[in-house]
Amino acid sequence: MKSSIAERMAFYASDKFDAAFRYDGRDLGVSCRPGKTVFKVWSPLAERVELRLYRDGDSKACLKKEMLAGARGVWTQEFQESLHGMYYDYLVRIEGEDVETADPYATGCSCNGGRSMAVDLGLTNPAGFEADKAPAPAQERIIYELHIKDFSYDEESGVPKAYRGRYKAFTVKGTNGRYPTCMEYLKSLGVTHVHLLPFFDYGSVDEAGDEAQFNWGYDPVNYNVPEGSYATDVKDGVVRIRECKEMIQALHENGIRVIMDVVYNHTHSEDSWFQRLVPGYYYRYEEDGSLSNGSACGNDIAVGRAMVDNYIADSILYWAREYHLDGFRFDLMGLLTVELMNRIRRELDEEFGAGEKLLYGEPWSADDSPMEDGTRAAQKQNVGFLDEGIAMFNDDTRDAIKGSVFYGEEPGFVNGGKETEEAVLHAVTGWRDGGADYLPKSCNQIVNYVSAHDNFTLWDKLVLSMHRKRPNFDLRYRDVLAANKLSAFIYFTCQGNIFLQAGEEFARTKHGEDNSYCSAPELNMLKWNRTVEYEELVEYYRGLIRIRKKLPGLCDKSPSAVERITGQRIHGEGVVSFLVDNTGSASCPWDELFIIYNASSDNCELSLPDGVMDSEAPDRGVWEVLADGEEADCRKKAEFRGNRVSAAAGSGLLLGRRTAPSGADFS
Ligand code: CA
């Protein structure tokens, strides 16, 4: 008789199970090199496991071989030859029933991922990949969130058709000729990291289908294999691996680090390789035996179980090592545990050096999910338990600046919201000043942003909230443009990490669509001519990126960075100011910053706080405008009237007190 879910759950949760079957070896999957190939698969309930080898993704098996049962539920088979390029799967018998499955540890797969592939990874490297290295860390992290297909699908991208929407687009040089696009554009923008939406093998796009298909890709099938629809050839499993590496290599060559968006909280379908190999082990269940659904995607991975945690940690290490990735963004990190996240941090630090790989995630889930006993959810309220090297998207900062992501018309600070001033001032310190019911260890744990792939683009959100009656996303509203600039000005002057959705800087619109995960590529893609149409905005972001990198008072990620922010004041509706101790860099000429956010519709004149100098005392330095509502990273003499300075309506003002001799121009 078949075991019930409840019986299985009790068995998996028992100490007996871990004592007998927990396997901490890091060699599951296939190791394949000249003269030897070893297959290892973990399936502790299996009565027998048969390995089946294929010459390609479709043909009948050319060889079947019994796997040998070993200790701790691991089944093994060895060949004294390299089987590089051979496809395989397993026939697993559990409680008398045979089920076919591919290998969750596989590093290669067939078209659409139904069969695994034995890969000698050394043979998948593009030329020069062994020498590929991440660029040196910049003064600040400016993370640009990008979808591979969005990047180059537009004809205006200048990318040859065969590469459009694919990994290869990143390798194209001099893409347009008329104005910078794709890689040339990224370089000119000055971002330090590109964060790519999921590119492990996912299930929602038919890799053999036409290119009009689109999906964000939050539906993993083969975690350790790159997605095939971004490759130029889906039939040969090596091509996706090589081209994915080429993409990463190209970004590195252009001075940009690469972050992978990872989705370990759920799988495309609960009928996964995990489920076929160890039924029930990898998922969370409610007491009535139904799958839990904290992901809102139909299932939740049972993070907190020994072999689940091993799998995820190994998978991260694999991508970091094999693909030279520089960081990971965890989808619905709130469904994962503090314990697992801290373990991943530790293991990455041990192998690559402390903090070398960036880790951050969404500190929430879509719904409740039954966690393993003794574990803590990696949610916002538990940020204090997370390692200081694990950051979270801060929705409080996001919503304070421009309003709720769920209610399009609801405004925030920049677009007429009421009583948002205090929240904005807390956001400046990365919520390190005790302004929230959670307390980050440092602003290093905070990701500041106002838009991401989820929800409305910033432009659409601002249009919806500022032109409620007849929103027209294609109109170049002056007030929306100003609010866009002010939004950016604010989060670029908050302590923490900086993150933006690709195209936010050229007024990206999805015409009010707030969930475009499977919308047409034409709606989702970056429309490159907007970088010209909205050049003024792009230039503004470029300036913010440049000036941000020069300001140690804002870039400081240490626990004491919060002490640099002083003199926070609310001057009335929509007007706040504060001072930043900007010392600590020999090359930066401004020792103090005075920052004003004026979201009101009036120019306002403010005095510098008492005790801070006045501009009429030249021995104490000269105040310069480093950014205002018109331009960022400028150098203009600040117009003071006595101790007072004026900030224009609907804009930010960033002043720096220059103490270095005027001859020592900083650039
Ligand atoms: Ca796929």
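Residue numbers run from 1 in the order of the sequence given. Keep in mind the model is a prediction, meaning the values are calculated, not measured. Whatever order the structure lists them in is the order used to number ligands and atoms, beginning at 1.
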Angle at the Ca ion (ligand 1) between OD1 of D201 and OE1 of E227, to 10°? 90°
Of all N, O or S atoms in E207, the one closest to the Ca ion (ligand 1) is OE2
Less than 4.0 Å between a side-chain N and a carboxylate O, is that true for R93 and D98? yes
Row check, Y282 ring normal vs R305 NZ/CZ: under 6.0 Å, within 45°: no
Before accepting this row, confirm whether a basic side-chain N of the pair E322/K245 lies closer than 4.0 Å to the acidic partner's carboxylate O. yes
Less than 4.0 angstrom from a charged side-chain N to a carboxylate O is my criterion; do K133 and E253 meet it? no
Taking both backbone and side chain into account, is any N, O or S atom of Y202 nearer than 3.0 Å to the Ca ion (ligand 1)? yes
